[in-house]
Amino acid sequence: MKLESDITGSTLYFFEMEPLTVVDVPDNASVRFCLKDEPDGAILLDEQYFPDFDGKIKVDIRDAISEKMFLKLPEIGKEIIQEDSYHDFSLEIGDLTPFSFTVNGFSRKARQVMSDVDYLRIPRDYIIPVSLHNFSVRSGLVYDGSYDSIEQPDFICTTASGKGTVTRLIALSDSDALSLGNFQIRLECNSGTILSPRYQICQGCFEQYLFANRYGGFDNIAMDGALEFAPETSHEAGLYDGGRERISSETRHVYLQNSGYVTTTVTEAMSELICSPQIYHYVNGVFRRIIITGSSVSVNSEGHLHSFSFKYTYADAVHPPQLRGTGTSAGIIGHKSCAGCLTVEIDNNPMVISHGLNRFPSVTVISSDTEQVECVVRYESKDVVSVSWNGELSGMIYLI
């Protein structure tokens, strides 16, 4: 039994990693794979595997190590150095000699390419992500526009060398947006010239979705398609006093984003957005992490119309109070006391509320930031309800 490709002491690139293949495995033998993070020795994978009919075992370890490859998200306008681009691991495979190897969290092409995206339509308040992997900048950052060029020599530091990546999120100023029109960002580095996607500044409202790409940085895709609120609900019923009554209900706050028109290359790059472990929605001036739950891509028969859509929830289970373009609140900001209604201040999780209303009231949880919070509601009886949620929370519960 042996490893098909010896990776002892090697540096592997995460996005080009192939499954590890063990050959010449005896029939009916099980082989233990034990993968550890170094130097702390934390076990990431410990499983037994059986060979196929050719006496081979193939194991893809990328899922096990992907949690170690998260990028830090900088604040808008600030620059950070991602110092953990390289990670060391050790692996024990059956009775083979244990060995160590290193994984670079990005693609082998990270030094030459900033993004897979070619062209983007963007709003005037666009947030531009810029990242540099393992090299230094000679000229700083240059906007090459159709009408003008703007140099920003101090916008990127010159310390992105060794085993790190420099990342900055740049808020496009209104004056720059007016003067640039159609533009690219150019970086003159010690490994050559690196260009960003080409940006076309457009009027209108866009949603912005930032995601970690395979080159050690972020892409920010602006979409002018509709953003829809598409809640998903589930209910349970039981018997009370000889009749069937609802005993619990749960609402999942799901949002559906439609891209609008995008190029073929952007459509292809969207597979990276959909699969990225780090995706953020720009809302109310900050990037909030989202979890994608479904997606679809469409190309018309002539190959000219490209679009995609995806569903998501917010990772923090707190929801923005307003959807763009609706003009109405997506969450209830507050209730006045009324006959048959009850307002309760949050002081525990879960909250078990004896309300005495002799019915199954509608339950709404509003945080101290006046945002509606996703919660789990369970009716213990017509006079008692239990409400729970994820994380710490202060605010009010409204029974209507």
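Here the structure is a predicted model, which means the values were calculated and not measured.
The closest donor-acceptor contact from the side chain of Glu4 to the backbone of Leu20 lies at 3.5 Å or more, if one exists at all. Side-chain N or O atoms of Tyr126 include one that pairs as donor or acceptor with a backbone N or O of Asn220 at under 3.5 Å. Within the 3.5 Å criterion, the main-chain N or O of Ile185 finds a donor-acceptor partner in the side chain of Ser196. For the pair Asp52 (side chain) and Gly55 (backbone), a donor-acceptor distance under 3.5 Å is present. Not one N or O on the side chain of Gln257 forms a donor-acceptor pair closer than 3.5 Å with the backbone of Glu228. Distance alone, capped at 3.5 Å, is enough to place a donor-acceptor pair between the Ser259 side chain and the Phe308 backbone. Checking side-chain atoms of Asp118 against main-chain N and O of Pro197 turns up no donor-acceptor pair under 3.5 Å. Side-chain N or O atoms of Asn213 include one that pairs as donor or acceptor with a backbone N or O of Met114 at under 3.5 Å. Between the side chain of Asp37 and the backbone N or O of Gly41 there is no donor-acceptor pair closer than 3.5 Å.
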Quick one, Asp95 with Met1, criterion side chain to side chain contact (heavy atoms under 4.5 Å, CB included). Give me CA distance, side-chain angles, the key distance, then yes/no. CA-CA 9 Å; Asp95 56 4; Met1 185 176 70; 3.3 Å; yes

Test side chain to side chain donor-acceptor pair (under 3.5 Å) on Ser100 and Ser90 and set out the steps. CA-CA 4 Å; Ser100 300; Ser90 64; 5.2 Å; no

Given the rule in the ring-ring contact (aromatic ring centres under 6.0 Å, His included) test, do Tyr255 and His281 qualify, once you have shown the distances and angles that lead to the verdict? CA-CA 11 Å; Tyr255 300 85; His281 179 210; 8.0 Å; no

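Ring geometry for Tyr209 versus Tyr312: interplanar angle over 60°, hence perpendicular rather than tilted (30 to 60°).
Glu92 has a carboxylate O that lies under 4.0 Å from a charged side-chain N of Lys36, or vice versa, which qualifies the two as a salt bridge. One finds a salt bridge joining Asp60 and Arg62 here, because a Lys/Arg side-chain nitrogen approaches an Asp/Glu carboxylate oxygen to under 4.0 Å.
Leu3 is listed as a side-chain neighbour of Ile93, based on a closest heavy-atom distance under 4.5 Å. At least one side-chain heavy atom of Ile221 sits less than 4.5 Å from a side-chain heavy atom of Leu120.
Every side-chain contact (heavy atoms from CB on, under 4.5 Å) that Pro74 has, sequence neighbours left out, goes to Ile80, Thr167, Leu169, Phe218.
Counted within 6.0 Å of CD on Gln200, heavy atoms from surrounding residues, nucleotides or ligands total more than 12; the atom is thus considered enclosed. Environment of CG in Asn28: sparse, with no more than 12 heavy atoms of neighbouring residues, nucleotides or ligands closer than 6.0 Å.
The distance between the ring centers of Tyr280 and Phe211 does not fall below 6.0 angstrom. Proximity of the aromatic rings of Phe287 and Tyr282 is defined here by a centroid distance below 6.0 angstrom, and this criterion is met.
Under the ring-ring contact (aromatic ring centres under 6.0 Å, His included) criterion, the residue pairs touching residues 33-61 are Phe33-Tyr49, with sequence neighbours excluded.
Leu12 and Ile7 make their closest contact through CD1-CD1, 4.0 Å (heavy atoms, listed as atom of the first residue, atom of the second, distance). Between Ser354 and Val384, the shortest heavy-atom distance links the atoms OG-CG2, 3.9 Å. Annotation for Ile76 and Gly285: closest pair CD1-O, 3.9 Å, computed over non-hydrogen atoms. Heavy atoms only, all atoms of each residue included: Pro123 and Ala222 are closest at CD-CB, 3.7 Å. The two residues Ser367 and Leu393 have their closest heavy-atom pair at CB-CD1, 3.7 Å. Between Met69 and Gln278, the closest heavy-atom pair is O-OE1, 4.4 Å.
For the residue pair Asp6 / Thr8, a side-chain donor-acceptor distance below 3.5 Å is found, with atom types taken as modelled. If you check the side chains of Thr102 and Asp88, you find a donor sitting under 3.5 Å from an acceptor. Inspection of the Arg32 and Gln48 side chains reveals no N or O donor paired with an N or O acceptor under 3.5 Å. Side-chain polar atoms of Tyr13 and Asn104 form no donor-acceptor pair below 3.5 angstrom.
Linking ILVMFWY residues whenever their side-chain heavy atoms come closer than 4.5 Å, directly or via other members, leaves Leu256 and Val254 in distinct clusters. Connection of Ile61 to Leu96 is established within a shared hydrophobic cluster, with ILVMFWY side chains joined at heavy-atom distances below 4.5 Å, either directly or through further cluster members. Transitive grouping of hydrophobic side chains (ILVMFWY, heavy atoms separated by less than 4.5 Å) brings Val117 and Leu187 into a common cluster.
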